[in-house]
Enquirer: 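Handing you this structure, nothing more for now.
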Protein chains: 2
Amino acid sequence: MKSEINVVIVDDQNLVRQGIIRLFEDHPHIKVVHEASDGVEIINWFKETKNKIPVDVVLMDMQMPNMDGWETTEILVRKYKQLRIIGLSSYDNEAFVDRFIKNGGRGYLLKVQEMNEVVSAIEQVAELGYYVSERVPLTKIQDFLRKTVLLPAFNTSVLSDQEIKVVQLICQEKTSQEIADILFVSKKTIESHRDRILTKINARNMVGIALYAVKHNLVKFS
Amino acid sequence: MKSEINVVIVDDQNLVRQGIIRLFEDHPHIKVVHEASDGVEIINWFKETKNKIPVDVVLMDMQMPNMDGWETTEILVRKYKQLRIIGLSSYDNEAFVDRFIKNGGRGYLLKVQEMNEVVSAIEQVAELGYYVSERVPLTKIQDFLRKTVLLPAFNTSVLSDQEIKVVQLICQEKTSQEIADILFVSKKTIESHRDRILTKINARNMVGIALYAVKHNLVKFS
DNA sequence: GGTGATTTGAGGGTTAACCCCTAACTAAAT
DNA sequence: ATTTAGTTAGGGGTTAACCCTCAAATCACC
């Protein structure tokens, strides 16, 4: 007989959240102890309950308003290091998975997957501490899990931190001069960065950079 | 007592689809007669069954691989004019709603909504033929429903057709000269269009145009 | 039939983007 | 210990983007 697992679900979409909770009825050893509809809500709930209610696994949607799944995971894991969070998303974008694992996530599920896969993931994360889906680019994640155990910092994007900053400012329709002023460096430095970014992502101009930023979730959308 | 409504659900995300089906158990007058995971699948199902199975309402996800909800709706409505399709999406983007209604959709629901709202929508669409959610920009849709009955064609975006073409080519990292060559007009014309677009959408440069295009679904993503 | 939006196109100007090059310093990887 | 990647920065050049004005033809709307 399987031991009981206490699960918290975070998803802003009521339909999806309620549906998943209902589907858990077929798996009585998984107990949904709490549900929340965004990052801020779940962080506050953890603060309030302070380990009064045991939580084994958090099932967290990535795309949420106010505070998204990545940010929320980062904050929760920093505060509750033992917490095991499984990411849930519509997209199997590599950059999404990478960033989530980097932020402390233990597994990544897609909404196209079947309920029994979700249950396996939860069981595996509760038992072993991590879960790797077969639907998600494998080698990358396993590399990640290995390296995140061994190494503290690790770069996920082909772009460096500084380059990402430049990309984000470009997406705010800033000129090179303005970006230079914001980052306290020379305009020539920003131009170097821009040229380097264009080469790296194989783009022709700022439009290519902007669309790359969207594709790789480097900019937020309303 | 409520009369029975036959519903088909189209959503590529198994978790979401199964969850919603389960939630319908609380509403026994709604009978899920079929489920499909993408546009091609549901179109084939309709071809095969050819009115053998009665369908009152289709609940269709917008974001799907292979063939998305918009395209699928357009094709189904053209073939089965009496078909009442409710759109289901994560996004309350005006352009999304507009395009869906324009393609023949009868109502638009968000995944953040509660199950009882979904049920009301289905009931209303089955009875009256359309449903307008209070969570969705109202006036626009009602305008639309009114005008799509009266008028054949209708412009949805603030941008004109030609301007949208220019935007899409800009998003392919084309220069004004290249766009001019593609559209067989003068470079000066494209510059006029570009300047006009910048003013209309209140952007500073091409990056603003690119991000506007993404936000308003004028460009497709992998 | 006039009004407004669209499409087309031109003249002429400024500047930022784009495209080369080099180069020094740093930090991390092998 | 040497290579590789990143950050910094400059020199110098070309061109596309950006910004202004003007204007004619077309089209839909009232």
Side-chain angles (χ1 to χ4, degrees), chain A residues 102 143-144 146-148 150-213 218, chain B residues 143 146-148 150-213 218:
Chain A
K102 194 184 173 188
D143 275 2
F144 247 95
R146 192 162 25 79
K147 291 194 184 176
T148 40
L150 302 170
L151 300 165
F154 195 74
N155 256 333
T156 158
S157 173
V158 287
L159 298 183
S160 69
D161 289 352
Q162 193 74 354
E163 284 163 350
I164 288 175
K165 274 184 203 161
V166 173
V167 167
Q168 287 167 339
L169 288 165
I170 286 173
C171 287
Q172 287 168 33
E173 299 180 69
K174 301 263 193 280
T175 64
S176 294
Q177 185 59 61
E178 287 168 348
I179 296 171
D181 292 342
I182 291 167
L183 298 179
F184 299 108
V185 290
S186 149
K187 179 187 164 190
K188 270 293 177 188
T189 303
I190 301 303
E191 286 179 341
S192 287
H193 283 311
R194 188 184 16 72
D195 291 353
R196 196 180 173 75
I197 293 164
L198 286 175
T199 310
K200 272 190 178 180
I201 68 175
N202 195 30
R204 276 180 82 182
N205 54 35
M206 317 279 272
V207 169
I209 294 179
L211 296 177
Y212 174 92
L218 300 178
Chain B
D143 274 3
R146 193 160 27 78
K147 291 195 183 174
T148 41
L150 302 172
L151 299 165
F154 196 73
N155 256 333
T156 158
S157 172
V158 288
L159 299 182
S160 68
D161 289 353
Q162 193 74 355
E163 284 163 352
I164 288 174
K165 274 183 202 160
V166 173
V167 167
Q168 286 167 341
L169 288 164
I170 286 173
C171 288
Q172 288 169 32
E173 299 180 68
K174 301 265 192 280
T175 64
S176 293
Q177 185 59 62
E178 288 168 347
I179 296 171
D181 293 343
I182 291 167
L183 298 180
F184 299 107
V185 290
S186 149
K187 180 187 166 191
K188 270 294 174 187
T189 303
I190 300 303
E191 286 178 343
S192 283
H193 283 312
R194 197 200 44 219
D195 290 355
R196 194 179 175 76
I197 293 164
L198 287 175
T199 309
K200 271 190 178 178
I201 69 174
N202 196 28
R204 277 181 81 183
N205 53 35
M206 318 279 272
V207 169
I209 295 179
L211 296 177
Y212 174 92
L218 301 178

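Letters A, B, ... are given to chains in the order of the sequence lines, protein chains preceding strands, and every chain is numbered from 1. The analysis underlying the following values was restricted to heavy atoms, covering all of them including side chains, and did not include hydrogens, waters or symmetry mates.
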Enquirer: What is the distance from atom CG of A/Leu183 to atom NZ of A/Lys174, rounded to the nearest 0.5 Å?
Expert: 11.0 Å
Enquirer: In Å, rounded to the nearest 0.5 Å, how long is the span from CD of B/Gln168 to CD1 of B/Ile170?
Expert: 10.5 Å
Enquirer: Go through the N and O atoms of the side chain of A/Ser192 and the base of D/dA9, and report whether any donor-acceptor pair is under 3.5 Å.
Expert: yes
Enquirer: Within the pair A/His193 and D/dG6, is there a side-chain N or O less than 4.0 Å away from OP1 or OP2?
Expert: no
Enquirer: May I ask you to say what A/Glu163 touches in the nucleic acid, namely base, sugar-phosphate or nothing, with a heavy-atom cut-off under 4.0 Å?
Expert: sugar-phosphate
Enquirer: Does A/Thr189 place a side-chain N or O at less than 4.0 Å from the phosphate oxygens OP1/OP2 of D/dA9?
Expert: yes
Enquirer: Distance-only, no hydrogens or angles: does the A/Gln177 side chain make a donor-acceptor pair with backbone N or O of A/Lys187 under 3.5 Å?
Expert: no
Enquirer: Give the C-alpha distance, both sets of side-chain angles, the deciding distance and a yes or no for side-chain contact (heavy atoms from CB on, under 4.5 Å) between B/Asn205 and A/Thr175.
Expert: CA-CA 9 Å; B/Asn205 53 35; A/Thr175 64; 5.7 Å; no
Enquirer: Are any of A/Ser186's side-chain N or O atoms less than 4.0 Å away from OP1 or OP2 of D/dG10?
Expert: yes
Enquirer: From C/dA17, D/dC19, C/dT8, pick the nucleotide closest to the side chain of B/Gln162?
Expert: C/dT8
Enquirer: Touch check for B/Asn205, heavy atoms < 4.0 angstrom, all strands: base, sugar-phosphate only, or nothing?
Expert: sugar-phosphate
Enquirer: Between the base of D/dG6 and the side chain of A/Ser160, is one N or O donor paired with an acceptor at under 3.5 angstrom?
Expert: no
Enquirer: Measuring only the C1' atom in each nucleotide, how far is C/dT14 from D/dA23? A whole number of Å is fine.
Expert: 24 Å
Enquirer: Does OP1 or OP2 of C/dA17 have a side-chain N or O of A/Ser176 closer than 4.0 Å?
Expert: yes
Enquirer: With distance as the sole criterion, do the side chain of A/Lys188 and the base of D/dG12 form a donor-acceptor contact below 3.5 Å?
Expert: yes
Enquirer: Distance check: side-chain N/O of B/Arg196 vs OP1/OP2 of C/dT6, anything under 4.0 Å?
Expert: yes
Enquirer: Expressed in angstrom and rounded to an integer, what is the separation of A/Lys187 atom NZ from C/dA16 atom P?
Expert: 6 Å
Enquirer: In whole angstrom, what separates B/Ile179's CD1 from D/dC18's P?
Expert: 11 Å
Enquirer: Between B/Gln177 and D/dT15, does any side-chain N or O lie under 4.0 Å from OP1 or OP2?
Expert: no
Enquirer: Nearest 0.5 Å, what's the CD-CZ distance between A/Glu191 and A/Arg194?
Expert: 5.5 Å
Enquirer: Rounded to whole angstroms, how far apart are CZ on B/Arg204 and C1' on C/dT15?
Expert: 12 Å
Enquirer: Closer than 4.0 Å, any side-chain N/O of B/Arg194 to the OP1 or OP2 of D/dC18?
Expert: yes
Enquirer: So what does B/Lys200 hit on the nucleic acid, given a heavy-atom distance under 4.0 Å: a base, only sugar-phosphate, or nothing?
Expert: sugar-phosphate
Enquirer: Rounded to whole Å, how long is the line connecting atom CG of B/Leu159 with atom P of C/dA5?
Expert: 15 Å
Enquirer: Which whole-number value in Å describes the distance from A/Glu173 CD to C/dA16 P?
Expert: 15 Å
Enquirer: Please give, in whole Å, the distance from D/dA16 P to B/Ile170 CD1?
Expert: 14 Å
Enquirer: Can you tell me how far CG of B/Leu198 sits from NZ of B/Lys200, rounded to the nearest 0.5 angstrom?
Expert: 12.0 Å
Enquirer: Send over the distance from B/Phe184 CZ to C/dT8 P, rounded to a whole Å.
Expert: 13 Å
Enquirer: Grab the CG-P distance between B/Asn202 and D/dC19 for me, whole Å please.
Expert: 11 Å
